[in-house]
Amino acid sequence: MTRIGILALQGDFLEHKQPLQRMGVEAVEVRQIKHLDGLDGLIIPGGESTTFAIIAQRLGMIEPLRQFARAHPTWGTCAGAIFLAKTVTGKASDQISLGVMDITVRRNAFGRQIDSFVALLTIDGIAGDPYQAVFIRAPIIESPRDTVDVLATLADGRIVAARQGHLLATSFHPELTDDDRVHALFLRMVAKANQ
Ligand code: GLN
């Protein structure tokens with residue numbers, strides 16, 4: 001059975017469990033280094049990227065998480081996307097990230113919590129109806145390197161989903177809707193990596 005870890009230090013990690021379980025995948029909460037053992041992939045949820053950094057540093061998890069993400073499929077949603085990025089703008093002065101994905105992520109690019117919104121997206125690799133994406137104090141993805149595929153943009157061209165090899169970043173929260181298509185996309189990346 002495929003085992004997917006969900007970083008469970010802070011944020012909406014529980015919400016990622018349901019879509020994984022609906023798709024017959026084992027979902028493992030990752031709270032300590034040892035929980036990374038034997039995982040086929042990792043999801044870093046939405047939440048607060050500054051808090052992820054502080055807690056992961058305290059637990060000595062930054063380097064193990066970095067090594068995991070370099071080698072295995074890893075998907076960051078919202079704060080998770082910030083945590084994956086090589087460069088973070090609008091960050092807290094001492095905020096660190098895993099720095100594994102060749103993107104710049106601008107935090108809080110749409111304003112405050114009250115500026116949260118839903119947008120219909122066309123996402124590369126996802127068939128069918130437009131995808132209803134939930135943005136909550138969301139970041140945008142900027143300056144992707146040539147090795148990064150842009151998967152979705154807003155109508156104004158701002159990038160909100162990108163993939164680089166086995167790494168996936170989304171500005172929005174697929175775990176907060178009943179539409180499992182982005183989880184399915186990630187699971188296809190996991191299956192491909194395990195071929
Ligand atoms: N604004 C948060 C951050 O900078 C992300 C918000 C979210 O994950 N919904 O980490």
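We count ligands from 1, going down the list as the structure has it; atoms in each ligand are counted the same way.
- At most 12 non-hydrogen atoms from other residues, nucleotides or ligands lie less than 6.0 angstrom from CZ of R145.
- Near G46, meaning under 4.0 Å from one of its heavy atoms, ligand 1 places the atoms 8 (O).
- Near I136, meaning under 4.0 Å from one of its heavy atoms, ligand 1 places the atoms 6 (C), 7 (C), 9 (N).
- Between H183 and W75, the ring planes lie perpendicular to each other; the angle is over 60°, past the 30° to 60° tilted range.
- When non-hydrogen atoms are compared, ligand 1 lies under 4.0 Å from neither the backbone nor the side chain of T77.
- By the 30° and 60° cut-offs, the orientation of the rings of F135 relative to F110 is perpendicular.
- Considering backbone and side-chain N/O atoms, N108 comes within less than 3.5 Å of an N/O atom of ligand 1.
- Looking at A79 next to ligand 1, an N or O pair under 3.5 Å apart turns up.
- Here the CD1-CG distance, from I44 to L84, works out to 4.5 Å after rounding to the nearest 0.5 Å.
- When each of I103, I141, V105, T89 is paired with I82, the side chain to side chain contact (heavy atoms under 4.5 Å, CB included) condition holds for V105 and for no other.
- Shortest contact from atom 2 (C) of ligand 1 to any protein heavy atom: G47 O, 3.6 Å.
- Hydrophobic clustering of Ile, Leu, Val, Met, Phe, Trp and Tyr side chains at less than 4.5 Å, counting indirect connections, keeps I140 apart from I136.
- Residue contacts with ligand 1: T50 is placed with no nitrogen or oxygen under 3.5 Å of a nitrogen or oxygen of the ligand (distance criterion only).
- A donor atom on one side chain and an acceptor atom on the other are found under 3.5 Å apart for T147 and Q164.
- Among the atoms of C78, none of the N or O lies under 3.5 angstrom from an N or O of ligand 1.
- I6 and L42 get closest at one heavy-atom pair: N-CD1, 4.1 Å.
- Nearest protein heavy-atom contact of atom 4 (O) of ligand 1 is R107 NE, 2.6 Å.
- Atoms of ligand 1 lying under 4.0 Å from any heavy atom of S49, numbered from 1 in the order shown and given with element: 3 (C), 4 (O), 10 (O).
- Within ligand 1, counting atoms from 1 as listed, the ones closer than 4.0 Å to a heavy atom of I82 are 3 (C), 4 (O), 10 (O).
- Residue-ligand proximity: H173 is placed with a non-hydrogen atom under 4.0 Å from ligand 1.
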